[in-house]
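Here the structure comes first, spelled out in structure tokens, and everything after it is commentary.
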Amino acid sequence: MRWYPLKLTSFYAPHVFGGRQIEQVLGRRDLPKGRVAESWESSDIEGKGARVTNGELAGQSLHALVEQYPEALVGEGFDGPHFPVLAKFIDATGMLPVHLHANGPTARRKQTWSHGKTEAWHILHAAPGATLLAGVRDGVDHDTLRTALWEERFDEVMHRIEIRPGDTLYVQAGLLHSFGPDTLLYEVQQQADHQQHAMAWQMEDGSEISHEQRETNIDALLEEIDLSLQTAPSTPLSVHEAPGVERRFCCVGPFFALERVAIDTTYTRTIERATLVSNLGAPFTLHANGEAVTLERGESVLLPAALGEATLEGRAEVLMSYVPDLGAVKSFLEHAGFTAEELGRLGDIDGVESL
């Protein structure tokens, strides 16, 4: 197999909280008409999975490639069965449901998934004064929380956090959260699709949820919540790797890492793990293994591990998401002079979370 940069189809979710920010703010050109809440850039979720659109692998599903070439695609030692990282652009023109995602042990016990869904949010746009809800206040027990959720008195039991463009929040599975309105973000997460939410409406179309179903939903949410979890915005740790190349580490954990890389010149990057590159700026050309791919604003491309390296040519502003070698990333950042406290703000660089 001769590997090359893979362009993938996106899955678009028209949830009720979405709008047109992915087009109007980010500059993405290929969106379907109507409301677009989410654009899934590397999905290996059944029924919503990505397919290759360029080169000799065009038409192949991402899942099929993971099954056939797990190490060449994702990295040495990887054995599937799913592509590990799902990245999304999320348009929170409106408010998302107050919800959470189960951790690995809970998901397996309830037979909803084989692993949990930890995620991180990198804020691309937020209106002045924009906030989000994340984490339960100290001293709030399950009974108090149940009543507040039922009556939608979220601020009484949850932390409201101010956010700004450039912030990143690491959100462990089991943490109660919501964001929006007036927010556009890039989310990187474990490849999973499960949640419990507390709202009186369906996020797909805004239709009313029955009294009985809502009670069931809130009970399920309270079974999966971890009241001890909290999060807070962090600013990236910046490393000038070479003249004209700034790597800003937004989050690092056992399931994914996210960097925002600013390039004023040509940048050759070592690729040892599958890396999704998402373009936030002007179009640029990416070269790897003799192939050249132009990436438009808002587009993404997947770099298979077998490429070994890739070169970004010209001025660019990109997000790079991948499953990290935690030891290597930690050593790199320590060598750059960052303290243990600073590294701790990135999420879970010591890898203590459970799948």
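When the options R28, R29, K7 are evaluated for a salt bridge (charged side-chain N to carboxylate O under 4.0 Å, His left out) with E299, the one that passes is K7. With E259 as reference, R269 is the one residue of H122, R269, R248 to meet the side chain to side chain donor-acceptor pair (under 3.5 Å) rule. Looking at V293, I271, V301 one by one, the single match for side chain to side chain contact (heavy atoms under 4.5 Å, CB included) with V277 turns out to be V301. When each of F17, F179, F154 is checked for a side chain to side chain contact (heavy atoms under 4.5 Å, CB included) with M95, only F154 meets the rule.
For CZ of R109, the number of neighbouring non-hydrogen atoms (other residues, nucleotides, ligands) closer than 6.0 Å is greater than 12. No more than 12 heavy atoms of other residues, nucleotides or ligands sit less than 6.0 Å from atom CG of D138. In E208, the CD atom is not crowded: 12 or fewer heavy atoms of neighbouring residues, nucleotides or ligands sit closer than 6.0 Å. By the 6.0 Å contact criterion, CZ on R315 is open, its count of non-hydrogen atoms from other residues, nucleotides or ligands being 12 or less. Few gaps surround CD on E56; more than 12 heavy atoms of other groups in view lie less than 6.0 Å from it. For E76, the CD atom sits in a loose shell: 12 or fewer heavy atoms of surrounding residues, nucleotides or ligands are nearer than 6.0 Å. Counted within 6.0 Å of CD on Q195, heavy atoms from surrounding residues, nucleotides or ligands total more than 12; the atom is thus considered enclosed. Summarising the local packing, CD of E67 is surrounded by more than 12 heavy atoms from other residues, nucleotides or ligands at distances under 6.0 Å.
When atom types are taken as modelled, the side chain of N217 and the backbone of A220 share no donor-acceptor pair closer than 3.5 angstrom. Side chain of T118 to main chain of A173: a donor-acceptor pair is present (N/O by atom type, distance under 3.5 Å, no hydrogens or angles). Listed for the T275 side chain is a donor-acceptor partner under 3.5 Å among the backbone atoms of R273. Listed for the D91 side chain is a donor-acceptor partner under 3.5 Å among the backbone atoms of R20. A donor-acceptor distance shorter than 3.5 angstrom exists from the side chain of H101 to the backbone of H194, with no hydrogens or angles considered. Proximity of a side-chain donor or acceptor of D348 to a complementary backbone N or O of E353 within less than 3.5 Å is detected. Side-chain atoms of R51 never come within 3.5 Å of backbone atoms of A58 as a donor-acceptor pair (strictly under, hydrogens ignored). Side-chain N or O atoms of S278 include none that pairs as donor or acceptor with a backbone N or O of S300 at under 3.5 Å. The closest donor-acceptor contact from the side chain of T231 to the backbone of L169 lies at 3.5 Å or more, if one exists at all. Although no hydrogens or angles enter the test, the distance criterion places no donor-acceptor pair under 3.5 Å between the side chain of D350 and the main chain of V352.
Under the 4.5 Å side-chain heavy-atom criterion for grouping Ile, Leu, Val, Met, Phe, Trp and Tyr, L346 is not connected to L185 through any hydrophobic cluster. Taken together through direct or relayed side-chain contacts under 4.5 Å among Ile, Leu, Val, Met, Phe, Trp and Tyr, F249 and V261 form parts of separate hydrophobic clusters. Hydrophobic clustering (side-chain heavy atoms under 4.5 Å, transitive across Ile, Leu, Val, Met, Phe, Trp, Tyr) keeps L237 apart from L319. Note: the hydrophobic cluster containing Y69 does not contain Y322 (ILVMFWY, side chain heavy atoms under 4.5 Å, direct or indirect links). One hydrophobic cluster, built from ILVMFWY side chains closer than 4.5 Å, holds both L73 and L286.
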- Query: Would L176 and L145 count as a side-chain contact (heavy atoms from CB on, under 4.5 Å) if you check the C-alpha gap in whole Å, the side-chain angles of each, and the deciding distance to 0.1 Å?
  - Reply: CA-CA 11 Å; L176 191 64; L145 182 57; 4.3 Å; yes
- T294/E296 under side chain to side chain donor-acceptor pair (under 3.5 Å): CA gap, chis, key distance, verdict: CA-CA 6 Å; T294 297; E296 299 293 331; 6.0 Å; no
- Task: May I have the step-by-step check of side-chain contact (heavy atoms from CB on, under 4.5 Å) for V16 and D205, ending in yes or no?
- Result: CA-CA 5 Å; V16 69; D205 60 7; 5.9 Å; no
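Residues L326 and G351 share a closest heavy-atom pair of CD1-CA, 3.6 Å. Listed here is the closest heavy atom pair of V66 and P81: CG1-O, 3.7 Å. Here the shortest heavy-atom pairing between L100 and L175 reads CB-O, 3.5 Å. For the residue pair M158 and V98, the shortest heavy atom distance occurs at SD-CG1, 3.8 Å. Heavy-atom minimum distance, L307 versus A288: CD1-CB, 3.9 Å. The shortest non-hydrogen separation linking S321 to A87 is OG-CB, 4.2 Å.
Counting only N and O atoms by type, the side chains of T168 and S234 include no donor and acceptor under 3.5 Å apart. A donor-acceptor contact closer than 3.5 angstrom is absent between the side chains of T216 and D219. For E309 and T268, the side-chain atoms include no donor-acceptor pair closer than 3.5 Å.
Considering only heavy atoms from C-beta on, F338 comes within 4.5 Å of V239 through its side chain. Counting only heavy atoms from C-beta outward, the side chains of P304 and L6 approach each other to under 4.5 Å. Between S43 and L62 there is no side-chain heavy-atom pair separated by less than 4.5 Å. Two residues are said to be in side-chain contact when any heavy atoms from C-beta on lie closer than 4.5 Å; E119 and L86 fail this criterion. E156 is not listed as a side-chain neighbour of V140, based on a closest heavy-atom distance of 4.5 Å or more. In this structure, the side chains of L312 and L295 stay at 4.5 Å or more apart for every pair of heavy atoms. At least one side-chain heavy atom of I161 sits less than 4.5 Å from a side-chain heavy atom of P233. Contact annotation: the side chain of Y12 approaches that of S39 to within less than 4.5 Å [non-hydrogen atoms, C-beta and beyond].
Using bins of under 30°, 30° to 60° and over 60° for the plane-to-plane angle, the ring pair H211/W150 lands in the perpendicular bin. A tilted orientation is assigned to the rings of F256 and Y170, their planes being inclined by 30° to 60°. Ring planes of W113 and H115: perpendicular class, angle over 60° (limits at 30 and 60°).
Between atom CD of residue E41 and atom OG1 of residue T9 there is a gap of 9.5 Å, rounded to the nearest 0.5 Å. Note that the CH2 atom of W40 and the CD atom of E187 stand 9.5 Å from one another [nearest 0.5 Å]. Rounded to the nearest 0.5 Å, atoms CZ (F89) and CG (L124) are 6.5 Å apart. With rounding to the nearest 0.5 angstrom, the CG atom of L96 is 10.5 Å from the NE2 atom of H197. Put simply, NE2 on H159 and CD on Q230 are 4.0 Å apart, with the number rounded to the nearest 0.5 Å. For the atom pair CD1 (I123) and CD1 (I163), the distance works out to 4.0 Å, reported to the nearest 0.5 Å.
Here R2 pairs with E291 in a salt bridge; the nearest charged N to carboxylate O distance falls below 4.0 Å. Taking 4.0 Å as the cut-off between side-chain N and carboxylate O, E224 and K110 count as a salt-bridged pair.
For R260 and Y186, the positive end is not near the middle of the six-membered ring at less than 6.0 Å and at most 45° from its axis.
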